[in-house]
Amino acid sequence: MENSQKTEPSENSNSVKNPAKQRVTPCLLGAAFFGSLGSSFLYGYNLSVVNSPAPYIKAFYNQTWLERYNEPVSAETVTFLWSITVSIFAIGGLFGTLGVSWLIKALGRKGTLLLNNIFAVAAALLLTFGEKARSFEMLIIGRFIMGVDSGIALSALPMYLGEISPRKIRGSIGQFNSILICLGVFVGQVLGLPELLGQESRWNYLFTFLALPAVLQLCVMPFLPESPRYLLIERRDEAAAEKAFQRFLGKEDVSVELEEVHAEGRAQETLHTVSILQLLKSKAVRWQLITVIVTMASYQLCGLNAIWYYTNGILQEAGFPEDIIPYITLSTGGIETFSAIISGLVIERIGRKPLLIFGFIAMALFFSLLTIFLHFQSVVSWMPYLSYVCILGVIASFCSGPGGIPFILTGELFEQSYRPSAFMIAGIVNWLSNFAVGLLFPFIQESLDSFAFMVFVGFCVVASIYLFFILPETKGKTFMEISQTFAKMNKVPIPSMNHEMKIVLCSDGENTKEEHAFKMESSF
């Protein structure tokens with residue numbers, strides 16, 4: 001017995017150093033992929049899908065206005081209608097975020113994802129048939145509803161992925177959110193090519209495609225388990241939680257995982273699910289909340305959406321011929337997807353903090369170079385090509401860390417009772433920042449010209465400095481261990497995980513089980 005106690009620390013430390021030993025089961029992989037396909041994939045697709053058909057949609061607005069009012073529409077009105085069409089997606093996202101806390105409490109994580117597909121299908125119908133009905137209002141409402149879908153998805157999906165993932169691969173599974181966003185952007189660019197659906201007679205079918213991922217998710221997700229943490233802590237359904245753990249982990253004995261979640265639930269048994277107001281007032285999670293707000297605001301304010309929303313305009317001003325711009329844009333989506341996949345493969349080795357800081361610093365560097373190259377592009381003929389390289393550098397840097405890790409951190413920095421409200425606040429910050437960039441960047445660009453991107457350099461530098469001094473590394477840690485790390489910063493005491501585990505085990509009166517639990521290591 002004495003010998004086993006001496007060898008125990010080395011076994012645990014070795015297991016922590018080798019996260020690759022954690023097996024990825026088909027059930028876990030399927031939940032991550034299909035959960036992301038009907039959620040984050042659609043969000044990414046909607047970021048890029050409006051770029052290629054923009055001239056045709058504006059022409060449709062012109063024609064519809066002429067048919068209704070027997071007079072041509074003014075240029076200012078077309079610009080206004082187009083701006084509303086683009087930006088109302090973010091307004092819908094904000095509305096979706098505001099309702100997600102109630103939905104996940106009533107329906108669970110998986111149930112919310114399934115219900116959310118109704119919005120995607122409804123939006124696809126409105127956007128597809130808006131032209132045939134000669135109604136630009138249907139397009140605007142469809143974009144709003146698609147925004148609602150994305151607002152719900154970007155809160156419910158990272159929460160679901162974080163709660164079903166073993167801690168040693170939680171970052172890699174969480175990166176499915178980012179990878180599918182990037183893949184959605186790329187697919188939107190591919191389908192928008194003139195040879196496919198980027199034609200005047202076919203552009204509405206670009207929006208028909210929205211229904212396909214939603215239907216696929218509806219067909220597969222009902223056969224996958226709900227979050228075991230949700231089932232055990234919030235639903236008090238231990239039998240269902242045990243079955244969910246067994247399927248996600250691919251093993252029969254999940255007693256240690258159940259005991260760990262019991263310990264977390266016991267530590268929060270007086271809290272239940274806290275409201276947004278309670279979260280904002282709580283000193284126990286103050287620095288977690290500030291960190292999530294900073295990282296989520298930086299996710300949008302670092303400037304990548306300025307690249308996506310205005311890629312064609314930037315490339316035109318950089319001097320590229322009009323007929324090759326769609327193919328150049330396609331390459332940006334490809335590099336984004338590739339970078340996100342690489343980030344998902346290395347995140348459990350490198351960690352969240354280094355990837356985030358590297359990503360923001362690299363973005364600041366490439367934005368600075370892009371500013372210089374754009375400023376001198378009229379003087380040097382080959383300068384536009386360097387501008388293009390910088391655009392690719394910005395995209396790759398973003399996807400190396402800032403593109404996905406903020407969503408992972410929101411799930412990791414908070415325990416179960418705080419998590420729904422934390423995701424709601426993160427979502428509000430995300431969508432308000434998204435809307436601000438889409439609304440203000442054209443004016444910033446008009447005022448500062450080639451120096452417009454220096455605004456984003458400032459945000460990237462500030463984010464890097466904050467993360468360097470404040471954010472602890474969360475790689476390989478349980479949710480309670482992460483809370484303990486922040487407890488020192490928040491200057492509040494919190495019961496240790498070992499103490500809570502002993503309470504759970506001793507209350508069952510099984511001393512042998514207690515010894516067994518401390519010799520084994522939980523996957524969660």
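In this text, all values refer to a predicted model and were calculated from it rather than measured experimentally.
In this structure Tyr299 satisfies the ring-ring contact (aromatic ring centres under 6.0 Å, His included) test together with Phe398, Phe407, sequence neighbours excluded. Applying the side-chain contact (heavy atoms from CB on, under 4.5 Å) rule to Leu197 yields the partners Leu191, Arg202, Tyr205, Leu206; only residues at least two apart in sequence or on another chain are considered. Checked against salt bridge (Lys or Arg N to Asp or Glu O under 4.0 Å), Glu242 has no partners two or more places apart in sequence or in another chain. Residues passing the side-chain contact (heavy atoms from CB on, under 4.5 Å) test with Pro354 are Ile350, Glu473, sequence neighbours excluded. Legend: residues meeting side-chain contact (heavy atoms from CB on, under 4.5 Å) with Leu103, ordered by chain and number and at least two apart, are Leu107, Thr112, Leu115, Ile152. Listed by chain and number, the residues in a salt bridge (Lys or Arg N to Asp or Glu O under 4.0 Å) with Glu226 amount to none (sequence neighbours excluded). In this structure Ser339 satisfies the side-chain contact (heavy atoms from CB on, under 4.5 Å) test together with Ile335, Ala396, Cys399, sequence neighbours excluded. Remark: Phe176 pairs with no residue by the ring-ring contact (aromatic ring centres under 6.0 Å, His included) rule, at least two apart or across chains. Applying the ring-ring contact (aromatic ring centres under 6.0 Å, His included) rule to Phe245 yields the partners Phe524; only residues at least two apart in sequence or on another chain are considered.
There is a side-chain donor-acceptor pair under 3.5 Å between Ser343 and Gln175. Of the N and O atoms on the side chains of Ser227 and Glu163, at least one donor lies less than 3.5 Å from an acceptor on the other residue.
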message = Please evaluate residues Thr128 and Thr208 with respect to the criterion side chain to side chain donor-acceptor pair (under 3.5 Å), reporting the C-alpha separation (whole Å), side-chain torsions for both, the decisive distance (0.1 Å), and the verdict.
response = CA-CA 6 Å; Thr128 299; Thr208 308; 2.8 Å; yes
Does the side-chain contact (heavy atoms from CB on, under 4.5 Å) test come out yes or no for Val215 and Asn117, once each step is laid out? CA-CA 7 Å; Val215 171; Asn117 290 299; over 6 Å; no
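For the residue pair Asn490 and Ala284, the shortest heavy atom distance occurs at ND2-O, 2.8 Å.
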Quiz: residues 463-472 side-chain donor-acceptor pairs under 3.5 angstrom, not counting sequence neighbours:
residue: Ser464; atom: OG; partner: Cys460; partner atom: O; Å: 2.9
residue: Tyr466; atom: OH; partner: Thr291; partner atom: N; Å: 3.3
residue: Tyr466; atom: OH; partner: Thr291; partner atom: OG1; Å: 2.9

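Within the 4.5 Å cutoff, side-chain heavy atoms of Glu252 are placed close to those of Gln246.
Using cut-offs of 30° and 60° on the angle between ring planes, the pair Phe414 and Tyr418 is tilted. Between Phe89 and Trp431, the ring planes lie perpendicular to each other; the angle is over 60°, past the 30° to 60° tilted range.
Listed by first and then second residue, the salt bridge (Lys or Arg N to Asp or Glu O under 4.0 Å) pairs involving residues 350-362 are Glu348-Arg352, Arg352-Glu412 (not counting sequence neighbours). Residues in residues 90-111 take part in these ring pair (Phe, Tyr, Trp, His ring centres under 6.0 Å) pairs, two or more places apart or across chains: Phe95-Phe144.
Both the sub-6.0 Å distance and the 45° axial angle are not jointly satisfied by Arg419 relative to the ring of Tyr230.
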